[in-house]
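Comments concern the structure below.
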Amino acid sequence: MGLYLPVGLFILLLIALLMAAGFKTWTGRVRLSFRRVWQVTGVYLALLLASLAVFYALAASGKAETLPVPEKGPGEGGENEYDRILSAYYDALFKGRLEEYQGAELQGKWDFNYPERRLLVRTAEKRPYYGIIAVEEKAADDGRVEARYYNVSLGGGDLFPVNPPEVKLAGEVLEIALPRRKEFMTFFFCQDFTSAQFTGKGVADISSGLYIYHGDHQVLYLKVPRGLEIDTDASIEHSVTFIER
Amino acid sequence: MSLTKTSVPAVAWKQYRFKTKIYAGNLITLLAAQLLGLLLSFRGVGFSGFSSETVTHKIMYISGDIIVVITLIWAFVVGYNLAGSSFKQDFVFVSNRLSSHLSNIAYLLTSAVIAGVTASLGGILLRVLVVLAYGGQSHFGLFIPPLDLAGGIFAAILYALLVSAGGYLFGMLVQLSRAFIVLVPGLLIGALYMEAKTTGQARLLLDAVNFFVQESSYFLFFVKVFLAVVLGFALVIFFSQRMEVRK
């Protein structure tokens, strides 16, 4: 905090003084016709009222999305709710229950017949992959490699975009083809602090609850036949986690 | 000697009507200030972002906070200027200080209502403009329930009234002595600076601000603002009794 507040106050005072100088011009030296002022004000008010009508028409047309940020409990920040969701998601992952877990969204699905005993897993073009690759050994050797790409479900839809990779089998290599980086832009509307005071939906309330999501929570989950030996190269060697059921 | 009988409320009403006309220019500055706020808010009041090997995601936070803050600065300046100039205008009428204060309070109340309503609706205009300008992008939290909007307008009016009463009190102190124009900000900023330097936090102002800002009950918020405004106007009337008649 420190000197931030006095400096901020000083800047506000400066703006106030500048506006005071402006007022003198308007109300002192330059006389404005009362009628003209009310005409201008009337146009402005009409514009505001028209925007209010358009605003609720937009909302009624379904273009308005509901707020995906979890509601706060008494005395909680939004991040506590995210903590709970993420904790349950990773708990399901490490217990090998991600397939049944409702809070995981399936983003990609690939199945391959693979009767061999060794499989090299790597990325295409040796691009580094920093996400989690979970490998689970099946109870039986059914000769099939199943790959699933999951993301945690926070109910935000487009707020949490995913750009899933492609998984291909080429000979004895399972290749993860990372897509080109996509850019996403999202507008998050927060209530003015005047209404947020009563509703808790202002900039400070919303943005603090979203920060924790700014990380990768996607998982490439591989189910491999019993006894299949997995090799990796430098592109994914720090990403592989073996799941014990 | 005059044969026409008159009363304080009647004179105050005449003065109020007169002031709404001569200070009509204030409305233009209000519009200019709110449009400036709209312009400053259009590219967002905050950003966050995330980048991985496959995704770059930017989140832009849109809010009408800047419009409301600029409107509150406007309200402060209106209160300040009114204290400085209204007595000159009031001598046009057969009046006393009480009628002058009553008309000023009515004028500040009117200004606060206009400022509060237009500032809150300015936030709605901002939302509509952003959606229309960036139609292809995804957006969240656009909809405001009408009751929340009404609550926001209610709070904005009360904040505008509170701040304009503060400006009026400060303006009246400056009328008492020009030294206050330096003393009040100097004492305030100096006290905050010393407190921040010694304790690491500026609790004095934070506590005062939080007294209003952290009140989540409509009724209690109204009561707090009402009492603060009444106290401010009472101090103004008290101080102005000690002022000499302008020559």
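Below, chain A is the first sequence line, B the second, and so on; all start at residue 1. Treat the numbers as computed from the prediction; the structure is a model and nothing was measured.
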Can you tell me how far the [atom1] atom of [X] sits from the [atom2] atom of [Y], to the nearest 0.5 Å?
{"X": "B:Met60", "Y": "A:Met185", "atom1": "CE", "atom2": "CE", "value": "3.5 Å"}
{"X": "A:Thr186", "Y": "B:Tyr134", "atom1": "OG1", "atom2": "OH", "value": "13.5 Å"}
{"X": "A:Phe198", "Y": "B:Glu215", "atom1": "CZ", "atom2": "CD", "value": "8.0 Å"}
{"X": "A:Phe55", "Y": "B:Leu126", "atom1": "CZ", "atom2": "CG", "value": "10.5 Å"}
{"X": "A:Arg181", "Y": "B:Thr54", "atom1": "CZ", "atom2": "OG1", "value": "8.0 Å"}
{"X": "A:Phe187", "Y": "B:Lys58", "atom1": "CZ", "atom2": "NZ", "value": "10.5 Å"}

Checklist entry - side chain to side chain donor-acceptor pair (under 3.5 Å) with B:Ser216: which residues, sequence neighbours excluded? => result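 In terms of side chain to side chain donor-acceptor pair (under 3.5 Å), with neighbours along the sequence ignored, B:Ser216 is linked to no residue.
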
Report yes if the side chains of [X] and [Y] come closer than 4.5 Å at any heavy-atom pair, otherwise no.
{"X": "B:Ile144", "Y": "A:Phe189", "result": "no"}
{"X": "B:Val69", "Y": "A:Phe193", "result": "yes"}
{"X": "A:Gln197", "Y": "B:Phe212", "result": "no"}
{"X": "B:Val55", "Y": "A:Phe184", "result": "yes"}

Next on the checklist: If you count heavy-atom pairs within less than 4.5 Å of chain A, which of B:Gly44, B:Gly190, B:Pro146 leads?
Outcome noted: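 When all of B:Gly44, B:Gly190, B:Pro146 are compared, B:Pro146 has the most.
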
Checklist entry - What option among B:Leu27, B:Thr20, B:Val117 has the most heavy-atom pairs under 4.5 Å with chain A? => result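 Most heavy-atom pairs within the cutoff with chain A belong to B:Leu27.
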
Closest contact, heavy atoms only, [X] versus [Y]:
{"X": "B:Leu31", "Y": "A:Thr41", "result": "CD1-CA, 4.1 Å"}
{"X": "B:Ile124", "Y": "A:Ser51", "result": "CG2-O, 3.9 Å"}
{"X": "A:Asp192", "Y": "B:Asp65", "result": "CA-OD1, 3.1 Å"}
{"X": "B:Asp148", "Y": "A:Gln191", "result": "OD2-NE2, 3.3 Å"}

Just wondering, are more than 12 heavy atoms of other shown residues or ligands nearer than 6.0 Å to [atom1] in [X]?
{"X": "B:Leu147", "atom1": "CG", "answer": "no"}
{"X": "B:Phe47", "atom1": "CZ", "answer": "yes"}
{"X": "A:Trp110", "atom1": "CH2", "answer": "yes"}

Checklist entry - Which of residues 150-163 of chain B get closer than 4.5 angstrom to chain A, counting heavy atoms alone? => result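 When heavy atoms of chain A are the reference, residues 150-163 of chain B contributes B:Gly151, B:Gly152, B:Ala155, B:Ala156, B:Tyr159 within the under-4.5 Å range.
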
Heavy-atom distance under 4.5 Å to chain A: side chain of [X], backbone, both or neither?
{"X": "B:Val45", "result": "side chain"}
{"X": "B:Leu72", "result": "side chain"}
{"X": "B:Leu149", "result": "side chain"}
{"X": "B:Tyr218", "result": "both"}
{"X": "B:Ser217", "result": "backbone"}

Next on the checklist: Taking side chain as everything from C-beta outward and backbone as N, CA, C, O, which of these in A:Pro128 sits under 4.5 Å from a heavy atom of chain B? Side chain, backbone, both or neither.
Outcome noted: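 Backbone of A:Pro128 only, per the 4.5 Å heavy-atom cut-off to chain B.
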
Checklist entry - By a 4.5 Å heavy-atom criterion (distance strictly below it), what part of A:Tyr130 contacts chain B: side chain, backbone, both, or neither? => result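 It is both, since atoms from each part get that close.
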
Next on the checklist: Can you tell me how the ring of B:Phe143 sits relative to the ring of A:Tyr56, calling it parallel under 30°, perpendicular over 60° and tilted otherwise?
Outcome noted: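 Correct class here is perpendicular.
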
